[in-house]
*Asks:* 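Questions regarding the structure given below will be posed in turn.
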Amino acid sequence: MNKVAIEDQVLTGVVEQYTDAPAPKVMVTASDVKPIDHSVQPAITTHSLGLMYGGKPAFEDVSLSIRHGSITAIVGPSGCGKTSFLMCMNRLTDLIPGCRVSGRVCIDQADVNSPATDVVTLRRRVGMIFQKPNPFPLSIRRNIELPLREYGVRGRQELGQIVQGVLEDVGLWDEVKDRLDTSALRLSGGQQQRLCIARALALKPRVVLFDEPCSALDPISSGVVEDLIAGLRGRYTVVIVTHNLAQAARLADWVGVFWVRGGSGRLIEFGTSRQVFKQPSDPLTYEYVNGCRG
Amino acid sequence: MVEAVLPAGWLDNSYRSVCPVWLDRCVTLCVWGVAAAVTAVFVCIVGDLVWHGIGQVSWSFIVDLPRDAGRAGGIGPMIVSTGLILTVCLAVSVPVGLGTAVLLAEFSSDHRLFGVLVRRSLDVLAGVPSIVFGLFGSAFFCVYLRMGYSILAGGLTLACMVLPILIRSVEAGIRSVPEEYRLGAAALGLTRGRAVWHLLLPAASPGVIVGLVLGIGRAIAETAALIFTSGYVTRMPESLLDSGRSLSIHIYDLSMNVAGGDANAYATALVLMVCLLVINWVASVVADGCLCRRLIRV
C-alpha cells in the first residue's frame, strides 16, 4: 500500500471542493493548522442517508464512514437498497424520476447534495462500474477518449498515453493493442467490464464504485476482474456491492451488511471484514454470513 | 458405449397440446397468405405504372417543358418544383423535428405537463387531413405572411404536416436506445446534451431514418395541401417565391382535368415512384453518414 499516495489524497481531498470556483484565499497561521488524523478524515461519510422512490423508501438511516484507499464491500439480499446507496455517491439518483434523497453524503468533506456541487466534476471524481458491462458502441479507443475529451484533454499524444496507461492498468493492453479501432462490443464480457473500469480510471477518480461488477461474468473473467479490483487498494477508495459473500471476504477491508427491516433497507452491521465475518454483532448477520439465511 | 433406452410408455401421460396440428398449419398458411396478398397489391400497382408509363418516359420527357396542358412535352418544371418544395420542407422539418424529439425523449420528464401537451398536439396533428393543412397553409403562409402561391409556402405547409411523423419516429428511436448508455454516460460525467449528441442520436439513427422515409413519402405524395399553397403553374420556377406545380399535382391535373392526359399521367407517376425510391435511399445514406460518424456496430 502506497502510504505517501494516500496521504497526498487526504491532503488534497480536504482542500478541493467540487465547485469550479477558485478556493478562497485565507491566511493560515501555524497554530490553525491541525495534523490530519486518518480516522477522522474519511473519504466518504454518510449521515442518516435515505432514499425514496415515489414515496416508497428504498433504504433509510444509513450512517457510515469509509476510509481513504480502502475497499468496502456492501452485501445483503436483493431489494435492500445497495445499488441505490451507491447511486447516492455520484448523484446518479438525479436521473431517476420521482427519487428523493434525505440525509447527507460527504466525499472528501464536500457535501454531494449541496446545490453548489458541480455534478460533472463530482462524477469525474467518483467513477462507477455497473453490473452489466456497458461499453458504448464505439471503438475501444473512443470509449476511453470520449469522456476525456469532455474534460478538455485534446492532444493526440496525451490521449494515446492515457489510453495505453489505463489499458495496461487493467491488463487489457496486450489483448487489444492491435485492434484499438475496432468495436468495443466485439470484446468478451470480461474484457468489456475491464474496458469500463479502464474508462472510469482514465478520469483519475478518487472513489470507484462497483455495482456487482462480476455477477454477469463467467468464473474466470470474474476472477480477473476481482484481482483487478484488489489491485486498486490503496490507490483508490473502492466501494463494491456484491451478492458474493466469498468475494466480499476475499476483497474487502470493511464490510457493510444491508437488510430489509420494516419495509426498507437498513445498514444492520458495519465493521472490518474480520469483525463482520468472525464476530458479527447482529444475529441476522451471523446467520447470513454463515449461510443459514439469505 | 451406453445406449440410452427410453422406458416403454415414457410419454404415456395425460398431457396433450391444446392446439391441434391442423390449426397450427392453418394459422401459418393465413399469415403467409396475407403477406403474399400485400406484396401482390404492391406488384400490381408498380406493374400497372410500368406497363402504361414506360413507353412515354425518355430523357426529353424528364427535362422538357409541358405542352398542350401536359398532354405532350415533358415534366421538367414539375421535377424542379417538387425538388425545391421537398428541400424547403426538409430544411425546416429535420432540425425542428430532431430538436423536439430529443426534448420529448430525454428532457420532458423535467417538465411532465409540457411533454404531455406536446405529445398530444403532435398526435392530433398527425391525424389532421391534409386538406386542412392546405387551408391553414393558404391562410397563414400565403395570405397572412404574404408569401402568395409559392414553393416556399408549399414547403413550409408540408413541413407542418411531416413534423408529427418525423418527431414520433425519432423519439421512438431515441427511447429504444438502451438505458445503460445513459447511465454509463452520466456516470462518466458527460452532460445530457453531450450524451445525446455523441451517443443517443447516433444509436437512434434507425429511428431517424424511418422518420425521414415516412416523412418524405408523405410529403412527395401530397396534393391537397399543395394546391392551395404552392399552386399549379406549369412554368419553370425561378425562385422559391415562384409558384410551382409538384409532380403529384401534375398527375392529379392530368387524370382529372385534362382529357387525353392519361398516358403522361402514368409516365409522371412512374417518375415520381422512382424519385421517391432514390430520395429515400439518399436520405438514409446521408442520415446514417451524418449520425454514425464514429459509431461502430458489431
Side-chain angles (χ1 to χ4, degrees), chain A residues 18 83 86-87 89-99 118-151 179 181-187 192 195-196 199-203 205 208-209 211 216, chain B residues 102-119 170-209 287-298:
Chain A
Y18 295 118
T83 300
L86 273 199
M87 285 166 105
M89 308 276 150
N90 62 353
R91 273 180 64 179
L92 272 194
T93 45
D94 291 9
L95 264 67
I96 303 163
C99 164
D118 175 24
V119 182
V120 170
T121 317
L122 169 71
R123 289 182 186 154
R124 185 167 83 75
R125 300 284 177 78
V126 184
M128 183 160 181
I129 314 299
F130 297 85
Q131 180 174 9
K132 197 174 154 219
N134 62 345
F136 300 135
L138 305 167
S139 69
I140 297 171
R141 187 198 306 276
R142 280 278 297 169
N143 258 285
I144 300 173
E145 284 185 358
L146 179 65
L148 282 171
R149 283 171 190 273
E150 288 304 299
Y151 295 105
R179 47 178 177 141
D181 292 310
T182 60
S183 173
L185 303 183
R186 285 218 188 104
L187 297 172
Q192 289 189 2
L195 175 64
C196 292
R199 191 171 68 180
L201 295 186
L203 299 177
V208 188
L209 311 171
D211 183 10
Chain B
V102 167
L103 175 110
L104 286 179
E106 290 300 308
F107 298 92
S108 65
S109 57
D110 304 348
H111 312 279
R112 276 197 53 206
L113 188 69
F114 180 67
V116 169
L117 208 68
V118 174
R119 261 184 220 111
V170 177
E171 188 198 349
I174 298 177
R175 279 185 191 279
S176 70
V177 176
E179 191 61 26
E180 63 216 45
Y181 292 168
R182 287 185 191 86
L183 278 178
L188 288 165
L190 265 67
T191 57
R192 274 204 286 187
R194 306 298 281 175
V196 165
W197 180 246
H198 286 296
L199 291 170
L200 301 185
L201 264 187
S205 66
V208 176
I209 290 169
D288 211 45
C290 287
L291 291 175
C292 303
R293 293 172 310 263
R294 297 216 177 81
L295 206 68
I296 305 178
R297 295 208 180 81
V298 177

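None of these values were measured; they are calculated from a predicted model. Numbers restart at 1 for each chain; the letters A, B, ... are given by sequence-line order, proteins then strands.
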*Asks:* What's the spacing between A:Asn90 CG and B:Leu183 CG if we round to 0.5 Å?
*Replies:* 9.5 Å

*Asks:* Quick check: closest heavy atoms across B:Leu188 and A:Leu203, and the distance to 0.1 Å?
*Replies:* O-CD1, 3.5 Å

*Asks:* Counting only N and O atoms by type, is there a donor-acceptor contact under 3.5 Å from the side chain of A:Asn134 to the main-chain atoms of B:Glu180?
*Replies:* yes

*Asks:* Which heavy atom of A:Val120 sits nearest to which heavy atom of B:Gly189, and what is that distance?
*Replies:* CG1-O, 3.2 Å

*Asks:* Using every non-hydrogen atom in the two residues, find where B:Gly184 and A:Phe130 come nearest and quote the distance to one decimal.
*Replies:* CA-CE1, 4.0 Å

*Asks:* Which pair of heavy atoms, one from B:Ala187 and one from A:Leu92, lies closest together, and at what distance?
*Replies:* N-CD2, 3.9 Å

*Asks:* Grab the two heavy atoms, one from A:Leu95 and one from B:Ala186, that are nearest each other, plus how far apart they are.
*Replies:* CD2-CB, 3.7 Å

*Asks:* Rounded to the nearest 0.5 Å, what separates atom NE2 in B:His198 from atom CG in A:Leu146?
*Replies:* 5.5 Å

*Asks:* Looking at B:Tyr181 and A:Phe136, what are the two nearest heavy atoms and their distance?
*Replies:* O-CE2, 3.6 Å

*Asks:* Quick one: does A:Val119's side chain get under 4.5 Å of B:Thr191's, heavy atoms only?
*Replies:* no

*Asks:* Would you mind checking which part of A:Arg199 comes under 4.5 Å of any heavy atom in chain B, side chain (CB onward), backbone (N, CA, C, O), both or neither?
*Replies:* both

*Asks:* Between A:Lys132, A:Arg124, A:Met128, which has the largest tally of heavy atom pairs under 4.5 Å with chain B?
*Replies:* A:Lys132

